[in-house]
Every structure is written in C-alpha cells, then in structure tokens.
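Inspection log for the structure reproduced underneath, given as structure tokens.
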Amino acid sequence: MLPFKAIRVHQNASGTSASLESLSLEQLTSGAVRVRVAYSGLNYKDALAITGRGAIMRAYPRVAGIDLAGVVEASEDPSFRPGDRVLATGAGLGEWLDGGLAEYARVPAEALVPLPEGLSLLEAMALGTAGFSAALALRRMLENHQDPAQGPIVVTGATGGVGTIALLLLRQAGFQTAALTGKPEAALQLRELGAEEVIDRGQLDLGAKPLEKALWGGAVDNLGGEVLTYLTRTVRPWGNIACIGLAQSAELNTTVLPLILRGVSLLGIHSVQVPRPWRLALWRQLAGPWRPPRIEQRIVRAVIGLDEVVQAARELMAGQARGRYVVRLAGDL
Ligand SMILES: NC(=O)c1ccc[n+]([C@@H]2O[C@H](COP(=O)([O-])OP(=O)(O)OC[C@H]3O[C@@H](n4cnc5c(N)ncnc54)[C@H](OP(=O)(O)O)[C@@H]3O)[C@@H](O)[C@H]2O)c1
C-alpha cells in the first residue's frame, strides 16, 4: 500500500511537536480492523495533544485524533467486513492507540461502532466525542431524575463543541437552557441553538458562600474551576451538574453543603472507556430520537484539511472554538 498522510506527534527535548507526515500501515499501532478514514474531528483533547499543552498521549510518536469515521477495508475480526461504515470516538484513539487524523487507521474491533442508520460519515464526526459526551451527560441527568420543571439548565463553554451540542440536545429534550459564555458577541448564534438566556462570563457574579441563591435546574459544565464552584452554589434542590470538562481549570473547590442541604448531584462524564452497550445505545439515540436538527449547518464551523489542523488546534487552545471543526480525509465514501 502507498504511504498515506497523518498528523503525528513526537516527543523531543523541549516537549512535543506535531506535523503532517507520510506513514505506512506497519508504523501504526496494531488493530484488527483497517479503516479508510473519511472524516475525523477536532476536540479540545486533540488540541491539547497537538499543541503539546496537555499530556494526552501515553507513548510517542502517536497519530493524533480521538475520533474517526470511515469504511472498513479489511478485518481480521468477524464482527466487521470490508465495506462496513464505522465510527470510533475515544476508546484509546489518539492516546495509547494511533488515532483518526490520518488517511488510514488500524483499530481494535471493540473500539468501533457500526455507523448507525440516520447519520452520514460527516455528521458522525460533526458530533464526535463532543456530541457523544453531551449525550452521555443528558442520559446521566435523566437517569438521575432531571426534569424540565426544575428550571433551566445552564451550559458553560457554550460556544465550544460540547456546549453547542448540549444546547441542542437539551432543548430537544424539553429543557430550557441558558448559555454561559466568554463570547457575548456570539449571543445570536447561541439563541439559535436554543438558549433562552445568554450570560457573559466576564459579568458573572460567582458568589462566595457555599450556598447562593438557587437559580438553575441543573448544569452541563465544560470549564471546571471557579465556574464549577459557582454551579455547586447555585443549582436548585435535586438538580444535577454534569461535570465534563476543564477548559478553565482542573480544580474544584467546594463544600458538601450543596450536596447535603440541596441534594445536588455531581455527575462524572467520561467518554473514553465507556461500557460498550452504553456506547452503542447512545449512538443509536444520537442517530434517532436525539438526532440534532440540521447537524451540518448548526454544529459544523468548517470542514478543514489535515494541513489546517495544527492552526485550528491553536485556536481551540485560545478559547476561540465555535461549534466543531470536521477534518476531511477521504471525504464521502
Ligand atoms: N469528560 C470527557 O470525557 C470529555 C469529553 C469531551 C470534552 N471534554 C472536555 O470538555 C471541555 C470542552 O470540550 P470541547 O471539545 O467542547 O472544547 P472546545 O470546542 O475547544 O470548546 C471549549 C469552550 O470552552 C470555553 N473556554 C473557556 N475558557 C477557555 C479556555 N481557557 N480555553 C479554551 N476554551 C475555553 C470557550 O467557550 P465560551 O467562550 O463560550 O465560554 C470554548 O469555546 C474540554 O475541557 C474537554 O477536555 C471532556
């Protein structure tokens, strides 16, 4: 097979560096299924790995990209056959396995999900880990009895990939939402995604007491740090906070009072190693009853090439995300 292109991260004396390289299949980590990648996506975690701002990869060199969608070319595992359309999110790609920002990938069969009917390869990557995580958050909140009658759900990091899709999914599930953002100029876009209210993070009074006035029915948090502390202070009795991200900080300083005096729950969201039945069920939900309307128009900021990935990763690290970048490899197959 001819060499193919990939974004690969190397470790060097000053940290790590990412570049567009030519690779052969034998250079990839092993996996029973060879996939011709049609599209990948760009997540905050990919941006951490590509810019070297976060220790995401467990070994070097590694091909970046925690997500991929494509077509099986060959499989040593009977669960997949040439021609099958598949997707993978998390599951070790771009961390301990070579990832999806490449024209070809070798993937363990258990990491792959058959592309559910109702989603194109491009739409699967418009959702990607961001959409899967937002759906996992909604599932966990509903399982813990979150109800629209409890009040609006506040979504932080609202203009980012997870935030954008969380707003769409929550709205569709009947919740009112508020978008907390560092980009008040994106208010119109956030309202189009379903936010009834847009709050400028720069103007937010974070409070100081363990319990402040209870405002929110629940929350989906992508930031961590002092914003997550604020959420613990202001979520109403029996509300859930889905804790997804750390775009601001990995710290959480709070008290037990919201938990024991208001029954607030902090729900952990982890999208990498997810029990396979949950993974399959959530993708079926995302392709079916939870499918966001007009995925391409509402979620995709731009479809970019591999040669644009490093620059796009720098933008995400600077907090400039708006929706999702989809990365075109082979394109529609
Ligand atoms: N737990 C999991 O399995 C899981 C899965 C997916 C993502 N995540 C995490 O969730 C977070 C969001 O992921 P994403 O893919 O949606 O990221 P993204 O597309 O890059 O969006 C991040 C958003 O966070 C806000 N933000 C605030 N401070 C920021 C800063 N210092 N740097 C960058 N962004 C900042 C910005 O929104 P505003 O300007 O609107 O505030 C930005 O648009 C990340 O921390 C990511 O690692 C975790």
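The figures here come from the full heavy-atom set of this structure, side chains too, leaving out hydrogens, waters and symmetry mates. Order of appearance sets the numbers: ligands from 1, and atoms from 1 within every ligand.
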Would you be so kind as to tabulate the donor-acceptor pairs closer than 3.5 Å made by side chains of residues 188-195, with sequence neighbours excluded?
residue	atom	partner	partner atom	Å
Q189	OE1	R322	NH1	3.2
R191	NH1	E196	O	2.7

Q) Are side-chain heavy atoms of L122 and E296 found at a separation under 4.5 Å? A) yes
Q: Only one of K5, Q27, H10 passes side chain to side chain donor-acceptor pair (under 3.5 Å) with E21; say which it is.
A: H10
Q.
Between L286 and W278, is there shared hydrophobic-cluster membership here, with clusters defined by ILVMFWY side-chain heavy atoms closer than 4.5 Å?
A. yes
Q | Test salt bridge (charged side-chain N to carboxylate O under 4.0 Å, His left out) applied to R301 - qualifying residues, sequence neighbours left out | A | E315
Contacts table for ligand 1: protein N or O within a distance under 3.5 Å of ligand N or O, distances only.
residue	atom	partner	partner atom	Å
ligand 1	1 (N)	I244	O	2.9
ligand 1	1 (N)	I269	O	2.7
ligand 1	3 (O)	S271	N	2.8
ligand 1	3 (O)	S271	OG	2.7
ligand 1	15 (O)	Y44	N	3.3
ligand 1	16 (O)	G161	N	3.1
ligand 1	16 (O)	V162	N	2.8
ligand 1	19 (O)	G161	N	2.9
ligand 1	31 (N)	A247	O	3.2
ligand 1	37 (O)	T159	OG1	3.3
ligand 1	39 (O)	G182	N	3.3
ligand 1	39 (O)	K183	NZ	2.9
ligand 1	40 (O)	A158	N	3.4
ligand 1	40 (O)	T159	N	3.0
ligand 1	40 (O)	T159	OG1	2.8
ligand 1	40 (O)	T181	OG1	2.6
ligand 1	41 (O)	G182	N	3.0
ligand 1	41 (O)	R201	NH1	2.5
ligand 1	43 (O)	T159	OG1	3.1
ligand 1	43 (O)	G160	N	3.4
ligand 1	43 (O)	K183	NZ	3.2
ligand 1	43 (O)	A321	O	3.4
ligand 1	45 (O)	L246	N	2.9
ligand 1	45 (O)	A247	N	3.2

Q.
Applying ring pair (Phe, Tyr, Trp, His ring centres under 6.0 Å) as the test, list every pair that has at least one member in residues 86-126; sequence neighbours left out.
A. F4-Y104
